[in-house]
Asks: 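Okay, handing you the structure first.
A note on names: the letters A, B, ... follow the listed sequences, proteins ahead of strands, and every chain is numbered from 1.
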Number of protein chains: 2
Amino acid sequence: MRADARRNYDHIVATARVVFAEDGPEASLNEVARRAQVGPGTLYRHFPTRQALLVAVFRERIDRLCALADELAAEPGGDGGAGEAMGAGGAGREAGEALTAWSQALLLHAQTDGGLSATMGDDPGFDCHTRLRAAATALVDRALRAGAIRADVVVDDLFQLVTGIAMTAPKERAEHLLSLALGGVLRG
Amino acid sequence: MRADARRNYDHIVATARVVFAEDGPEASLNEVARRAQVGPGTLYRHFPTRQALLVAVFRERIDRLCALADELAAEPGGDGGAGEAMGAGGAGREAGEALTAWSQALLLHAQTDGGLSATMGDDPGFDCHTRLRAAATALVDRALRAGAIRADVVVDDLFQLVTGIAMTAPKERAEHLLSLALGGVLRG
DNA sequence: ACCTGAACACCGTTCAAGT
DNA sequence: ACCTGAACACCGTTCAAGT
């Protein structure tokens with residue numbers, strides 16, 4: 001990558017971060033190009049779709065979310081064995097708490113600066129949604145094995161509840177709504 | 001209202017119903033005007049905002065939802081008295097079932113032809129959201145008095161959960177998600 | 001190789017001119 | 001009193017022409 005191209009790329013991402021924060025994820029791409037002082041063609045060369053630009057802007061945050069999921073999944077108290085299928089033991093409680101904690105982090109991300117848009121639409125090459133889904137799967141599976149959540153819950157349920165709440169609820173109510181929704185997901 | 005104006009009005013609504021069903025609630029208003037064979041100015045004269053047009057298209061459906069809420073709220077088994085605050089009695093169960101049934105109807109409406117958009121944004125003069133909210137309040141209050149739902153639940157929680165699910169979940173999964181979410185709302 | 005920016009087809013919205 | 005449709009300022013996106 002040539003030096004001027006690299007500079008343009010970085011400058012576009014930095015500008016887009018500001019513009020998305022101001023105007024939301026539907027912000028005008030021409031406006032981004034204008035403020036980054038490049039032609040619209042240059043923006044489209046680097047980021048052929050809006051998704052691609054959103055992903056570039058939110059990449060770090062998504063990395064952090066994946067890392068958090070990995071940490072939480074690696075904690076002790078994972079499996080509870082067959083005898084603990086009803087989730088009465090401490091392992092079930094910890095698995096449920098880990099899932100709750102991660103859901104809260106995902107909700108916070110989705111609510112901040114339109115992080116949701118970057119996270120959801122699938123995108124060849126990076127595919128945030130798939131990565132987050134994989135990270136979350138470990139947590140959900142562990143909770144299922146420990147009997148901490150309803151047996152008919154799947155990973156996508158978690159995503160759809162969290163993203164739905166992020167889209168509709170005012171910021172102050174979102175946590176409360178998540179606690180309601182998780183109340184139906186968790187057991188006991 | 002002059003005869004030709006009335007005819008234009010009706011024709012615009014009928015055309016919009018088709019176009020919204022085809023292209024979703026973000027469909028081009030110029031396209032609606034074109035297909036209704038009126039100038040864009042005529043459309044804007046009758047419907048100063050997109051909301052106003054959406055409301056006109058979905059008015060009947062919203063009326064039906066309000067009527068359903070009224071019926072369900074008028075059913076027997078409403079209050080359980082102070083002694084039944086833990087929701088153990090049949091009245092609590094019925095109040096919970098009524099709330100569940102109405103939530104399912106609201107979900108169905110929100111999922112069909114972008115009914116959500118018409119329902120939500122507030123709109124002086126008709127204000128679907130306010131009307132639906134009032135209708136739902138009776139059901140939620142009754143459920144609260146009967147102890148059928150968590151004490152910290154408010155009407156808006158119900159709306160935000162249902163609309164969030166309608167926005168994010170694929171049609172086939174929506175009912176399952178609603179059952180999860182209501183599992184956290186309901187008691188027992 | 002990469003950038004530029006004029007150009008295209010659209011959008012929502014308005015408003016002078018008509019009937 | 002109501003309708004018309006050209007016009008305006010925008011949008012996303014493309015692509016010949018430049019360096």
Asks: I want to confirm an ordering. Mapping A/M1 and B/R50 to their closest nucleotides on DNA chain C, which one lands closer to the 5' end?
Replies: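 In this pair, the answer is A/M1.
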Asks: Which residue lies toward the 5' end of DNA chain C, A/G39 or B/T42, if each is placed at its nearest nucleotide?
Replies: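 Nearest-nucleotide comparison on DNA chain C picks A/G39.
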Asks: Which part of the nucleic acid does A/A27 contact within heavy-atom distance under 4.0 Å: base, sugar-phosphate only, or nothing?
Replies: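 Counting heavy atoms under 4.0 Å across all strands, the contact made by A/A27 is with sugar-phosphate only.
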Asks: Between B/N30 and B/N8, which is nearer to the 5' end of DNA chain D once each is assigned its nearest nucleotide?
Replies: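 The answer here is B/N8.
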Asks: For A/E22, is the CD atom crowded, meaning more than 12 foreign heavy atoms sit under 6.0 Å from it?
Replies: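 More than 12 within 6.0 Å, yes.
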Asks: With sugar-phosphate meaning primed atoms plus P, OP1 and OP2, does B/A33 contact a base, only sugar-phosphate, or nothing at under 4.0 Å between heavy atoms?
Replies: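 Contact class for B/A33: none.
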Asks: May I ask you to say what A/S28 touches in the nucleic acid, namely base, sugar-phosphate or nothing, with a heavy-atom cut-off under 4.0 Å?
Replies: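 Answer is sugar-phosphate: A/S28 comes under 4.0 Å of backbone atoms only.
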Asks: Taking any atom under 4.0 angstrom from a heavy atom of chain A, which nucleotides of DNA chain D are the first and last to qualify, 5' to 3'?
Replies: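 With heavy atoms of chain A under 4.0 Å away, the range is D/dC11 to D/dC15.
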Asks: Heavy-atom distance under 4.5 Å between the side chains of B/R173 and A/D157, does that happen here?
Replies: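 B/R173 vs A/D157: side chains touch.
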Asks: Using a heavy-atom cut-off of 4.0 Å across all strands, would you classify B/R34 as base, sugar-phosphate, or nothing?
Replies: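 The residue B/R34 makes sugar-phosphate contact but no base contact.
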Asks: Do B/L132 and B/L108 sit in one hydrophobic cluster, given that two such residues count as connected whenever their side-chain heavy atoms are within less than 4.5 Å of each other, even indirectly?
Replies: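 Cluster IDs for B/L132 and B/L108 differ.
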Asks: Consider only side-chain heavy atoms of I, L, V, M, F, W and Y, link residues closer than 4.5 Å, and tell whether B/L43 and B/V18 are in one cluster.
Replies: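 No, B/L43 and B/V18 fall in different hydrophobic clusters.
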Asks: Below 4.0 angstrom, N of the basic side chain to O of the carboxylate: do B/D10 and B/R6 qualify?
Replies: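 Here B/D10 pairs with B/R6 in a salt bridge, since their nearest N and O are under 4.0 Å apart.
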Asks: Should stems be defined as at least three consecutive Watson-Crick or G-U pairs with both distances under 3.5 angstrom, which of them involve DNA chain D?
Replies: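 Paired runs of 3+ in DNA chain D: C:4-8 with D:12-16, C:12-16 with D:4-8.
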Asks: Base, sugar-phosphate, or nothing for A/D4, non-hydrogen atoms under 4.0 angstrom?
Replies: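 It contacts sugar-phosphate atoms only.
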Asks: Side chain to side chain donor-acceptor pair (under 3.5 Å) for A/H129 and A/T119? Distances and angles first, verdict last.
Replies: CA-CA 6 Å; A/H129 191 191; A/T119 310; over 6 Å; no
Asks: Test of understanding: with salt bridge (charged side-chain N to carboxylate O under 4.0 Å, His left out), list the residues that count as partners of A/R133, not counting sequence neighbours.
Replies: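 Listed in chain order: A/D156.
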Asks: Identify the heavy atoms of A/V19 and A/E31 that sit nearest to each other, and give their distance.
Replies: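 That would be CG1-CG, 4.4 Å.
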Asks: Do the side chain of A/W102 and the main chain of A/L65 share a donor and acceptor less than 3.5 angstrom apart?
Replies: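 At least one qualifying donor-acceptor pair exists.
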Asks: 5'-most contact on DNA chain D: B/Q37 or B/R2, nearest heavy atom basis?
Replies: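 Nearer the 5' end of the strand: B/R2.
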